[in-house]
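As structure tokens, the structure follows; a few thoughts come after it.
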Amino acid sequence: MERIPDIKRDLLIRYVERDVLGYRPKSYTFTAADYAAYEAARNNFLQQPRGRAALLKGGIVWRLAMESLGLQVVIEGPSDDVSKYGSSMDLMGNEVWDDELTQDETDLVCGVYKVATVIKNQMTDMSWWPKYKPWLASGMSVGYWTQTCEDWYQTHLTEIRTGAKQPRKPKQWKSALRFEPRTKDIVENYCASCVEYLKE
């Protein structure tokens, strides 16, 4: 299928891949206006056809996408850009494709900024929400969105909107999401058992 050019869509994709939410000076104090601008950028991206890929990711990316999308878009199938921006897998000898997000796009959904450090010309990531991979490695990730996850999400969202929370660095998120350290081992063992069962 020939891809029909969409200038607005392609410009948005290139914007996301270039600088996500932009840069901030060291010791920058984020405000409610920053969070509102992030929500607007996130919603604008997710409203594109490929936005459904965020719902397929699960975890914190899924929950943030739910603020902008309904579950109906998932079953509508891949977007027209799937062959360019999606990923494929072999299913019983057939190559099947579905939408996928880039690293920069998942960073946009999670509210990631580049912030200057005390070291000249060095930047660090700071985000309103934990990045996708750290979330998966955290004690909050058990394979589905629990009530504990939702309670944490609502509390954190309220604290952001009241000015009580600032974006965090990766190490700060790792500490904040530690909770039960054995969760990762439990989930990995569960997944391994499922794989072995399906092989039988």
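Ring-plane geometry between Tyr35 and Trp129 is classed as tilted, the angle between the planes lying from 30 to 60 degrees on a 0 to 90 degree scale.
Asp125 is linked by a side-chain hydrogen bond (donor to acceptor under 3.5 Å, both in side chains) to Lys114, Lys131, counting only residues two or more places apart in sequence or in another chain. Residues passing the ring-ring contact (aromatic ring centres under 6.0 Å, His included) test with Trp135, sequence neighbours excluded: Trp145, Trp152. Every side-chain contact (heavy atoms from CB on, under 4.5 Å) that Gln47 has, sequence neighbours left out, goes to Ser68, Leu69. By the side-chain contact (heavy atoms from CB on, under 4.5 Å) test, Ala36 is found to be paired with no residue, residues two or more places apart in sequence or in another chain being considered.
In this structure, the side chain of Thr158 engages the main chain of Gln154 through a donor-acceptor pair within 3.5 Å. Between the side chain of Thr106 and the backbone N or O of Gln103 there is at least one donor-acceptor pair closer than 3.5 Å. In this structure, the side chain of Tyr113 does not engage the main chain of Thr124 through any donor-acceptor pair within 3.5 Å.
Shown here for Leu64 and Cys110, the closest heavy-atom pair between the two residues is CD1-CA, 3.9 Å. The heavy-atom pair separating Leu46 from Ala54 by the smallest distance is CD2-CB, 3.6 Å. Residues Leu21 and Ala41 come closest through the heavy atom pair CD2-CB, 4.0 Å. Nearest heavy-atom pair across Asp34 and Arg24 is OD1-NH2, 3.5 Å. The heavy-atom pair separating Ile60 from Pro130 by the smallest distance is CG2-O, 3.7 Å. Taking each heavy atom of Leu108 and Tyr38 in turn, the nearest pair found is O-CE1, 3.3 Å.
Legend: salt bridge (charged side-chain N to carboxylate O under 4.0 Å, His left out) pairs involving residues 59-68, not counting sequence neighbours, sorted by first then second residue: Arg63-Glu67, Arg63-Glu150.
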Dump the intermediate steps for side-chain contact (heavy atoms from CB on, under 4.5 Å) on Met66 and Leu55, then the final yes or no.
CA-CA 7 Å; Met66 285 294 291; Leu55 293 172; 3.7 Å; yes
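Going from atom OG1 of Thr155 over to atom CD1 of Ile160 covers 11.0 Å, rounded to the nearest 0.5 Å. A distance of 13.0 Å separates CH2 of Trp62 from OH of Tyr132, quoted to the nearest 0.5 Å.
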Sequence neighbours excluded and cut-off under 3.5 Å, please list the side-chain donor-acceptor pairs for residues 163-170, or say none.
from: Gln166; atom 1: OE1; to: Phe30; atom 2: N; distance (Å): 2.8
from: Gln166; atom 1: NE2; to: Phe30; atom 2: O; distance (Å): 2.8

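A salt bridge is defined here as a Lys NZ or Arg NE, NH1 or NH2 lying under 4.0 Å from an Asp or Glu carboxylate O, and Glu39 with Arg161 meets this definition.
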